[in-house]
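Read the structure below first, then the notes.
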Amino acid sequence: MNKRASSLVVALAPTLYSLLSSAVTDAQQLAVVNRTFLVIYRPGPAWLPGKPVTEQPLKEHGKYMLSLYISGSMKLAGPLTDNAGGAVLLDVADESKAKAIVAEDPAVKSGIFIYELHPWELQPWDEYSKKHQSGAQQDAPGDGPAAARQYRP
């Protein structure tokens, strides 16, 4: 290698290292797979008896849910239309993160809601449907040995 090429390699080394390091970090971040959790909110001790969910003091809860949606932690949420509480779908790194989110909910802190937290394995129904429509012969959820792995009581 001549002197000019050698100088170019030395000059580019920090840039190449930086790009490679950044790519590795990006790949590691992409490798982090979030888990899905279903939160079921039920009336708590501070629930106003005889009042529907729409008349409960849930303004701060609503603001909190919006902040979770904006941050990407919450995917779906809403009241149960039978006034039995509400449900939230969280997409977070792990159960401790899900518990921390729910523990900080103003409606939980104030006692308007109590909650149940469940890890939830969502099934790829779009994929199943496309394969079914294309005529592919594949076990559907609930059929065969795959079902035993997917659905454990």
Side-chain angles (χ1 to χ4, degrees), residues 14-153:
T15 302
L16 292 173
Y17 177 79
S18 174
L19 289 172
L20 181 59
S21 176
S22 177
V24 168
T25 301
D26 290 345
Q28 289 170 336
Q29 288 174 345
L30 288 174
V32 173
V33 177
N34 281 348
R35 293 182 54 206
T36 303
F37 294 88
L38 177 65
V39 181
I40 300 172
Y41 288 110
R42 299 284 182 206
W47 182 271
L48 301 175
K51 301 273 186 181
V53 68
T54 55
E55 293 179 24
Q56 298 296 322
L58 295 171
K59 184 176 182 177
E60 295 305 313
H61 167 76
K63 288 179 185 179
Y64 185 65
M65 290 292 113
L66 180 59
S67 75
L68 293 174
Y69 183 78
I70 291 169
S71 75
S73 297
M74 185 268 284
K75 299 300 180 190
L76 300 168
L80 301 174
T81 58
D82 61 357
N83 291 310
V88 174
L89 185 76
L90 297 176
D91 185 39
V92 295
D94 55 38
E95 188 169 357
S96 65
K97 178 66 175 168
K99 285 180 178 179
I101 285 173
V102 177
E104 287 301 311
D105 185 331
V108 170
K109 287 174 134 180
S110 69
I112 296 169
F113 283 138
I114 57 172
Y115 69 92
E116 297 174 20
L117 177 69
H118 301 276
W120 197 11
E121 183 179 328
L122 297 175
Q123 298 298 306
W125 293 104
D126 285 343
E127 291 176 28
Y128 295 151
S129 174
K130 287 175 189 171
K131 287 178 183 177
H132 176 74
Q133 290 173 355
S134 72
Q137 295 297 321
Q138 177 185 344
D139 288 344
D143 292 341
R149 288 191 310 275
Q150 292 178 353
Y151 298 96
R152 282 178 253 156

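We're numbering straight along the sequence, starting at 1.
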To the closest 0.5 Å, what do you measure between [atom1] ([X]) and [atom2] ([Y])?
X: R42; Y: Y115; atom1: CZ; atom2: OH; result: 15.0 Å
X: K75; Y: D91; atom1: NZ; atom2: CG; result: 5.0 Å
X: H118; Y: I40; atom1: NE2; atom2: CD1; result: 4.5 Å
X: L76; Y: L38; atom1: CG; atom2: CG; result: 10.0 Å
X: E95; Y: F37; atom1: CD; atom2: CZ; result: 5.0 Å
X: L90; Y: L117; atom1: CG; atom2: CG; result: 7.0 Å

Which residue pairs pass the ring pair (Phe, Tyr, Trp, His ring centres under 6.0 Å) test with at least one member in residues 65-106, sequence neighbours excluded?
none
What residues form a salt bridge (Lys or Arg N to Asp or Glu O under 4.0 Å) with E116, not counting sequence neighbours?
none
Within the 4.5 Å heavy-atom criterion, are P79 and T54 side-chain neighbours or not?
no
Closest approach of [X] to [Y] (non-hydrogen atoms, all atoms of both residues):
X: I112; Y: A46; answer: N-CB, 3.7 Å
X: A84; Y: P43; answer: O-CD, 3.2 Å
X: P119; Y: R35; answer: CB-NH2, 3.6 Å
X: I114; Y: P45; answer: CG2-CD, 4.1 Å
X: F113; Y: H61; answer: CE1-NE2, 3.9 Å

Test side chain to side chain contact (heavy atoms under 4.5 Å, CB included) on V53 and L58; report intermediate values, then the result.
CA-CA 8 Å; V53 68; L58 295 171; 3.9 Å; yes
Keeping [X] on the side-chain end and [Y] on the backbone end, is there a donor-acceptor pair under 3.5 Å?
X: S129; Y: W125; answer: no
X: Y64; Y: I101; answer: yes
X: Q56; Y: W47; answer: no

Just do the side chain to side chain donor-acceptor pair (under 3.5 Å) check on Y41 and D105 with the steps written out, would you?
CA-CA 11 Å; Y41 288 110; D105 185 331; 2.6 Å; yes
Looking at K63 and E60, is there a salt bridge between them, counting it only when a charged N and a carboxylate O are closer than 4.0 Å?
yes
